[in-house]
Participant: 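Sharing a structure below in structure tokens format, with a few things to ask.
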Amino acid sequence: MKFYNSYSKKLEEFTVENNTVRMYNCGPTVYDYAHLGNFRSFLFADLLRRYLEFKGYEVKQVMNFTDVGHMTQDDLEPSREGSNQDKMALAAQRTGITDPRELADKYIDCFMEDSKTLNVLEPWQRPRASDHVQEMVEIIEKLIANGNAYEVDGFVYFDQSSFPEYGKLSGNTVEDLVEGKRVEVDARKKNATDFALWKCDDKHIMKWPSPWSTGFPGWHIECSAMAMKYLGETLDIHTGGEDNIFPHHEAEIAQSECATHKTFARYWLHARHLLVDGGKMSKSKGNFFTVRELLDKGYSGSEIRYALISTHYRQNMNFTTGVTDGDYSQLQKIEALEEAKTNIRRIKDFLAAMEQIEKDDNTNIDDLATKTLGNFAAAMDDDLNISGGLSALYQFIREVNKLRDQEQLGREDAARAIETIKKLDGVLGVLCDEEQQVPEEILQLVKERDEARLNKNFPRADEIRDTLTEMGYVLEDSPKGTICKKI
RNA sequence: GGUGGCAUAGCCAAGUGGCCUAAGGCAGUGGAUUGCAAAUCCACCAUCCCCGGUUCAAAUCCGGGUGCCACCUCCA
């Protein structure tokens with residue numbers, strides 16, 4: 001099994017000492033609803049975990065919640081510019097919830113709900129940054145003791161010049177960053193690329209005591225603290241979105257490795273962004289979707305999941321919407337999700353058809369099933385090549401359907417086919433939506449139509465079918481009876 | 001300005017020197033099947049952004065363009 005390690009920028013064979021994989025996933029900031037782009041990264045982590053388990057590994061998976069800050073320029077009101085307001089504080093203003101803990105609770109609940117909708121398996125641990133300030137303080141103390149950090153006026157900074165490896169992950173060199181126009185100058189820092197480990201601010205909405213001042217931790221230390229607390233000083237895998245590479249993960253490596261003098265993470269895996277019409281999702285563009293919005297548009301959790309995992313994680317994924325005037329408010333259909341809907345229905349139809357098989361003579365599809373699982377694994381072993389994996393799935397379905405059409409499929413074959421699909425879905429996780437019950441009145445109409453067909457009253461039968469189509473139900477006539485499904 | 005990456009059919013997308021006369025899916029077209037449909041099966045549907053180069057051989061390697069994305073702003 002090979003993964004592309006962002007640190008070495010190479011495809012590397014994946015190895016672990018025992019059978020346990022210690023994996024840390026950079027989780028969501030919980031000051032707002034997570035959007036689809038965020039979930040692409042979390043679904044990638046989930047897919048990775050599921051595939052590692054498919055391969056027989058035990059996965060100790062940790063995904064954090066960030067609830068101690070995170071400010072961006074976009075969120076600053078013009079009048080507030082430079083006031084150092086952070087996102088939790090702004091969200092508090094927006095929602096009217098003034099207790100930051102309560103605010104984080106609200107969005108954590110939403111995140112958990114959305115994760116469940118998307119059939120994300122529960123990680124082993126979901127630590128919260130605000131519960132681990134003590135651990136962060138301890139690392140900062142160690143860094144100061146080791147000579148990698150220094151205190152100025154209650155602020156503590158990481159001394160970048162003490163860590164020559166700085167920049168190795170992102171490829172940024174210190175000189176180039178200094179030349180960059182966007183690096184802010186902070187007079188307290190020794191080097192422009194030093195980053196804050198602790199910030200002094202006794203008026204802040206979330207503040208803690210520390211040996212240096214009352215304030216709050218810097219923006220990278222939380223992940224080091226939580227990762228090491230639960231997984232030890234060296235992680236096997238660390239994941240995140242591509243935007244985390246710099247400065248977040250670069251800083252994590254620096255502070256963690258200076259604190260422990262050990263490799264922090266052996267494999268760094270980064271998911272690329274989901275784009276909408278070729279551009280980044282952003283609130284200001286309006287091309288920003290949440291899971292619940294898509295549910296309102298009639299898509300299911302599985303469909304959203306399928307769409308988001310079906311493109312290789314290291315490839316920018318694009319949702320083409322056809323919107324040209326920038327007005328996304330009326331958008332009802334997204335092609336990638338329509339495709340996901342069709343594909344999931346196809347897989348489910350296949351399973352349903354397999355359950356109908358009653359023939360006793362079997363062809364024996366063991367070889368086909370084995371080949372399919374082998375092809376799937378071979379593709380996924382190659383840096384989680386999901387496209388190849390899905391290709392194996394669809395080729396299997398077509399081959400088995402062909403045997404069914406030729407009346408060569410027996411009951412045991414069908415059971416084997418179902419078992420194979422279920423195995424694959426253990427990794428994909430797209431077949432979990434609850435089947436909707438067809439209401440009695442609809443079933444009554446179906447029955448009426450069947451009677452009409454029996455009497456060769458086809459105009460009446462077609463009339464009923466048209467009515468049902470309008471009501472959102474599709475019919476499939478088969479020798480075994482009529483199947484009615486909600487679209 | 002620096003850094004990392006991408007460019008394959010209407011759309012999503014695999015393949016990274018010769019089984020590529022380019023996987024798979026969606027959409028579309030034709031056919032089988034069906035009372036008609038649906039589902040299913042079969043067939044069709046691309047010379048791989050442009051220009052040079054290396055090679056017996058390039059979507060695949062190298063050079064130069066062009067376009068796009070990301071990071072350098074605590075946005076996955």
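Proteins get letters first, then strands, A, B, ... in listed order; numbering begins at 1 in each.
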Participant: For B:U66 and B:C49, measure between their C1' atoms and round to the nearest Å.
Facilitator: 8 Å

Participant: Between B:G25 and B:U40, how many Å separate the two P atoms, rounded to a whole number?
Facilitator: 11 Å

Participant: Is A:Met226 close to A:Val62 at the side-chain level, that is, under 4.5 Å between some pair of heavy atoms?
Facilitator: no

Participant: With a 4.0 Å cutoff (strictly under), does any side-chain N or O of A:Lys402 reach OP1 or OP2 of B:C42?
Facilitator: yes

Participant: Using a heavy-atom cut-off of under 4.0 Å over every strand shown, decide if A:His35 touches base, sugar-phosphate, or nothing.
Facilitator: base

Participant: Establish, with yes or no, whether the OP1 or OP2 oxygen of B:A14 is under 4.0 angstrom from a side-chain nitrogen or oxygen of A:Gln315.
Facilitator: yes

Participant: Indicate every side-chain donor-acceptor pair of residues 401-410 of chain A with a distance under 3.5 Å to a residue at least two apart or in another chain.
Facilitator:
| from | atom 1 | to | atom 2 | distance (Å) |
| --- | --- | --- | --- | --- |
| A:Asn401 | ND2 | A:Ile397 | O | 3.4 |
| A:Gln406 | OE1 | A:Gln408 | NE2 | 3.3 |

Participant: Where do A:His248 and A:Cys223 come nearest, in terms of heavy atoms and distance?
Facilitator: NE2-SG, 3.4 Å

Participant: A:Phe111 and A:Phe39: aromatic ring centres closer than 6.0 Å?
Facilitator: yes

Participant: Heavy atoms from C-beta onward define the side chain here; which of B:C41, B:G5, B:A14 lies closest to that of A:Asn401?
Facilitator: B:C41

Participant: Expressed in angstrom and rounded to an integer, what is the separation of A:Arg314 atom CZ from B:C69 atom C1'?
Facilitator: 15 Å

Participant: Does the side chain of A:Asn316 get closer than 4.0 angstrom to OP1 or OP2 of B:C68 through an N or O atom?
Facilitator: no

Participant: Could you tell me the separation between the CG atom of A:Leu337 and the P atom of B:C12, rounded to a whole number of Å?
Facilitator: 13 Å

Participant: For nucleotides B:A70 and B:A32, find the distance between their P atoms and express it as a whole number of Å.
Facilitator: 50 Å

Participant: Please name the nucleotide paired to B:C71 by Watson-Crick or G-U wobble geometry with both distances under 3.5 Å, or report none.
Facilitator: B:G2

Participant: Quick one, give me the B/S/- string for nucleotides 17-33 of chain B, reading 5' to 3', where B means a protein heavy atom under 4.0 Å from the base and S means that only happens at the primed atoms, P, OP1 or OP2.
Facilitator: ------BSBSS------

Participant: Check for me whether the distance between the ring centres of A:Phe158 and A:His220 falls short of 6.0 Å.
Facilitator: no

Participant: Enumerate the salt bridge (Lys or Arg N to Asp or Glu O under 4.0 Å) contacts for residues 454-473 of chain A, please, sequence neighbours excluded, ordered by first and then second residue.
Facilitator: A:Glu448-A:Arg460, A:Arg460-A:Glu463, A:Asp462-A:Arg465

Participant: Describe the nucleic acid contact of A:Gly278 in one word from base, sugar-phosphate, nothing, applying a heavy-atom distance below 4.0 Å.
Facilitator: sugar-phosphate

Participant: B:C12 phosphate, OP1 or OP2: any side-chain N/O from A:Thr320 under 4.0 angstrom?
Facilitator: yes

Participant: Please name the nucleotide paired to B:A58 by Watson-Crick or G-U wobble geometry with both distances under 3.5 Å, or report none.
Facilitator: none

Participant: I want to check a possible cation-pi pair here: A:Lys207 against A:Phe216, using under 6.0 Å from ring centre and within 45° of the ring axis as the test.
Facilitator: no

Participant: By the 4.0 Å heavy-atom rule, please label A:Leu275 as base, sugar-phosphate, or nothing.
Facilitator: sugar-phosphate

Participant: Scan the side chains in residues 377-385 of chain A for donor-acceptor partners under 3.5 Å anywhere in the protein, sequence neighbours excluded, and list what turns up.
Facilitator:
| from | atom 1 | to | atom 2 | distance (Å) |
| --- | --- | --- | --- | --- |
| A:Asp381 | OD1 | A:Tyr51 | OH | 2.8 |
| A:Asp381 | OD1 | A:Lys55 | NZ | 3.0 |
| A:Asp381 | OD2 | A:Lys55 | NZ | 3.1 |
| A:Asp383 | OD1 | A:Tyr4 | N | 3.0 |
| A:Asp383 | OD1 | A:Tyr313 | OH | 2.5 |
| A:Asp383 | OD2 | A:Tyr313 | OH | 3.3 |
| A:Asp383 | OD2 | A:Arg314 | NE | 2.8 |
| A:Asp383 | OD2 | A:Arg314 | NH2 | 3.0 |
| A:Asn385 | OD1 | A:Ser387 | N | 3.3 |
| A:Asn385 | OD1 | A:Gly388 | N | 3.1 |

Participant: For B:G35, does the base pair up with any side-chain atom of A:Arg453 as donor and acceptor (N or O, under 3.5 Å, distance only)?
Facilitator: yes

Participant: For A:Asn385 and for A:Pro28, find the nucleotide of RNA chain B with the closest heavy atom, then tell me which residue's nucleotide is more 5'.
Facilitator: A:Asn385

Participant: I want to confirm an ordering. Mapping A:Ala336 and A:Ala196 to their closest nucleotides on RNA chain B, which one lands closer to the 5' end?
Facilitator: A:Ala336

Participant: Under a 3.5 Å cut-off for both contacts, is B:U66 paired Watson-Crick or G-U wobble with anything, and if yes, with which nucleotide?
Facilitator: B:A7

Participant: Among residues 454-465 of chain A, which contact RNA chain B at a heavy-atom distance under 4.0 Å?
Facilitator: A:Phe458, A:Asp462, A:Arg465

Participant: List the residues meeting salt bridge (Lys or Arg N to Asp or Glu O under 4.0 Å) with A:Arg398, not counting sequence neighbours, and say none if there are none.
Facilitator: none

Participant: Taking the P atom of each, how far is B:C45 from B:G24, in whole Å?
Facilitator: 13 Å

Participant: Using a 3.5 Å distance criterion without hydrogens, assess whether the side chain of A:Glu250 forms a donor-acceptor pair with backbone atoms of A:Leu169.
Facilitator: yes

Participant: Give me the distance, rounded to whole Å, that separates B:C61 from B:A7 when you measure between the P atoms they each carry.
Facilitator: 10 Å

Participant: Within this structure, what is the CG-to-P distance between A:Leu393 and B:A13, rounded to whole angstrom?
Facilitator: 18 Å

Participant: I need the CG-P distance between A:Asp349 and B:A37, as an integer number of Å.
Facilitator: 19 Å

Participant: Return the value, rounded to whole Å, for the distance between atom CG of A:Asp466 and atom P of B:A37.
Facilitator: 13 Å

Participant: Is there a side-chain contact between A:Asn318 and the phosphate of B:C11, meaning an N or O under 4.0 Å from OP1 or OP2?
Facilitator: no

Participant: For the pair made of CZ in A:Phe246 and C1' in B:A70, what is the distance, rounded to whole Å?
Facilitator: 14 Å

Participant: A:Leu274 near the nucleic acid: base, sugar-phosphate alone, or nothing, with a heavy-atom cut-off under 4.0 Å?
Facilitator: base

Participant: May I ask you to decide if A:Val68's main-chain N or O and A:Glu222's side chain share a donor-acceptor pair within less than 3.5 Å?
Facilitator: no

Participant: For nucleotides B:U8 and B:U3, find the distance between their C1' atoms and express it as a whole number of Å.
Facilitator: 27 Å

Participant: Taking CE from A:Met354 and C1' from B:A39, how many angstroms apart are they, rounded to a whole number?
Facilitator: 12 Å

Participant: What contact category does A:Asp477 fall into here, base, sugar-phosphate, or nothing, at under 4.0 angstrom with non-hydrogen atoms?
Facilitator: base

Participant: Find the distance A:Leu384:CG to B:A14:C1' and express it as a whole number of Å.
Facilitator: 14 Å

Participant: Minimum heavy-atom separation for A:Gly298 to A:Lys341, with atom names?
Facilitator: O-NZ, 3.6 Å

Participant: Provide the distance between the two C1' atoms, one in B:G2 and one in B:U54, to the nearest whole Å.
Facilitator: 31 Å

Participant: Work out how far the P atom of B:U21 is from that of B:U60, and round it to whole angstrom.
Facilitator: 14 Å

Participant: Between A:Tyr107 and A:Tyr33, is the gap from one ring center to the other below 6.0 Å?
Facilitator: yes

Participant: Of the candidate nucleotides B:U40, B:C36, B:C42, which contains the atom at the shortest distance from the side chain of A:Arg449?
Facilitator: B:C36

Participant: Across all strands, who's sitting opposite B:G30 as a Watson-Crick or G-U wobble pair, both distances under 3.5 Å?
Facilitator: B:C42

